[in-house]
Amino acid sequence: MLLVLVLIAGVWLVVRRRVIARDGGTFELSHRSRVDRDGRGWVLGVGRYSGERLEWFRFFSLSPRPHRIWLRDDVDFVGRRDRVGAEDVSLYDDHVVVRCGSADGEVEFAMSESSLMGLQAWLEAGPPRADWDSRPVR
């Protein structure tokens, strides 16, 4: 019985990944959930752009819904940084660590160079930001 449950969970993970990818291209995106210790707190996952949202799904989860969502207007690219400590073994070899500012504070992602270019393009492709309320009326 336990073997059947494990098999069903494995099949569900594969089906879930295909369902997530159906609505748009996905890419490997790790998210640092805890920042209390250097190099720790990384969770492997999958990212997907959905209009004005960056959706993040945990890799090993049975839920078909994103675990985190960031709106394009609330995310700013801050920069890259070198891996620290345990990040060399907890992240994929070709991934770089990216720092972004968000409405909730600083966020760190790990992604491939090509995914980083995609993130920067997605952020720049948004409509221009303007604070129309603060402009003087002429």
Side-chain angles (χ1 to χ4, degrees):
M1 186 65 168
L2 182 61
L3 181 61
V4 170
L5 289 175
V6 170
L7 183 63
I8 290 172
V11 169
W12 174 247
L13 286 175
V14 172
V15 169
R16 174 183 170 264
R17 176 70 186 253
R18 290 186 183 264
V19 167
I20 291 170
R22 179 187 62 198
D23 293 332
T26 60
F27 59 100
E28 293 174 347
L29 177 68
S30 297
H31 166 58
R32 188 168 180 204
S33 60
R34 291 187 3 240
V35 293
D36 54 343
R37 291 175 47 191
D38 284 346
R40 305 285 176 137
W42 288 100
V43 181
L44 300 177
V46 176
R48 176 179 71 186
Y49 299 111
S50 179
E52 298 295 311
R53 306 179 331 165
L54 171 59
E55 300 173 334
W56 179 72
F57 300 83
R58 286 180 183 259
F59 194 75
F60 297 106
S61 172
L62 298 178
S63 174
R65 295 184 179 168
H67 186 70
R68 294 286 313 260
I69 296 173
W70 294 275
L71 298 176
R72 184 185 342 225
D73 289 343
D74 295 338
V75 177
D76 293 311
F77 177 77
V78 174
R80 302 166 55 155
R81 69 167 178 80
D82 294 330
R83 293 178 182 204
V84 178
E87 290 176 343
D88 284 331
V89 279
S90 61
L91 298 175
Y92 294 112
D93 288 336
D94 64 336
H95 282 195
V96 295
V97 178
V98 177
R99 293 179 23 237
C100 292
S102 76
D104 299 329
E106 190 169 300
V107 179
E108 287 189 334
F109 301 116
M111 62 185 74
S112 67
E113 291 278 351
S114 60
S115 295
L116 172 56
M117 288 177 52
L119 174 71
Q120 291 173 322
W122 179 73
L123 290 172
E124 291 175 5
R129 296 181 190 178
D131 189 2
W132 297 104
D133 296 332
S134 66
R135 289 191 167 183
V137 179
R138 295 183 188 202

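Residues take their numbers from the sequence shown, with the count starting at 1.
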Subject >> Co-membership, hydrophobic cluster, residues Phe60 and Tyr92, 4.5 Å side-chain >> reply: yes
Subject >> Partner residues of Arg48 under the salt bridge (charged side-chain N to carboxylate O under 4.0 Å, His left out) criterion, sequence neighbours left out >> reply: Asp23, Glu55
Subject >> Minimum side-chain heavy-atom gap Met111-Val98 below 4.5 Å >> reply: yes
Original post:
So, Ser90 side chain and Ala86 main chain: donor-acceptor pair closer than 3.5 Å or not?
Top reply: yes
Original post:
Would Glu87 and Val97 count as a side chain to side chain contact (heavy atoms under 4.5 Å, CB included) if you check the C-alpha gap in whole Å, the side-chain angles of each, and the deciding distance to 0.1 Å?
Top reply: CA-CA 9 Å; Glu87 290 176 343; Val97 178; 4.0 Å; yes
Original post:
Between the main-chain N or O of Val107 and the side-chain N or O of Ser102, is there a donor-acceptor pair closer than 3.5 Å?
Top reply: no
**OP:** Determine, step by step, whether Leu29 and Leu119 satisfy the side chain to side chain contact (heavy atoms under 4.5 Å, CB included) criterion, reporting the C-alpha distance in whole Å, the side-chain angles of both residues, the deciding distance to 0.1 Å, and the verdict.
**Re:** CA-CA 11 Å; Leu29 177 68; Leu119 174 71; over 6 Å; no
Subject >> Rounded distance (nearest 0.5 Å) linking atom CG of Leu91 with atom CG of Leu44 >> reply: 7.5 Å
Original post:
Closest approach of Phe59 and Val46, non-hydrogen atoms and distance?
Top reply: CD1-CG2, 3.9 Å
**OP:** Nearest 0.5 Å please: distance from the CZ atom of Arg65 over to the CZ atom of Arg58.
**Re:** 16.0 Å
Original post:
What closest approach, in Å, do His95 and Arg83 show between heavy atoms, and which atom pair accounts for it?
Top reply: O-NH2, 2.7 Å
**OP:** Go through the side-chain N and O atoms of Ser63 and Ser61 and say whether any donor and acceptor fall under 3.5 Å apart.
**Re:** no
Original post:
Nearest 0.5 Å, what's the CD-OG distance between Gln120 and Ser115?
Top reply: 11.5 Å
Original post:
Which heavy-atom pair separates Val96 from Leu116 by the least distance, and what is that distance?
Top reply: CG2-CD2, 4.1 Å
**OP:** Establish whether Val75 and Phe77 are linked, either directly or via other cluster members, by ILVMFWY side-chain heavy-atom contacts under 4.5 Å.
**Re:** yes
Subject >> Results of salt bridge (charged side-chain N to carboxylate O under 4.0 Å, His left out) for Asp104 - residues two or more places apart only >> reply: Arg68
**OP:** With rounding to the nearest 0.5 Å, note down the distance linking OG in Ser30 to CH2 in Trp56.
**Re:** 8.0 Å
Subject >> Enclosure of Asp88 CG (heavy-atom neighbours >12, cutoff 6.0 Å) >> reply: yes
Original post:
How many angstroms lie between CH2 in Trp70 and SG in Cys100, if you round to the nearest 0.5 Å?
Top reply: 9.5 Å
**OP:** Kindly compute the distance separating CG (Asp74) from CD1 (Ile69), expressed to the nearest 0.5 Å.
**Re:** 12.0 Å
Original post:
Is it true that Arg72 and Glu124 make a salt bridge, defined as a side-chain N closer than 4.0 Å to a carboxylate O?
Top reply: no
Original post:
What closest approach, in Å, do Ser33 and Val43 show between heavy atoms, and which atom pair accounts for it?
Top reply: OG-CG2, 3.6 Å
Subject >> salt bridge (charged side-chain N to carboxylate O under 4.0 Å, His left out) involving Arg99 - partner list, sequence neighbours excluded >> reply: Glu106
**OP:** Indicate, with yes or no, if the rings of Phe109 and Trp42 have centres closer together than 6.0 Å.
**Re:** no
Subject >> Short side-chain to backbone donor-acceptor contact, Trp122 and Gly51, under 3.5 Å >> reply: yes
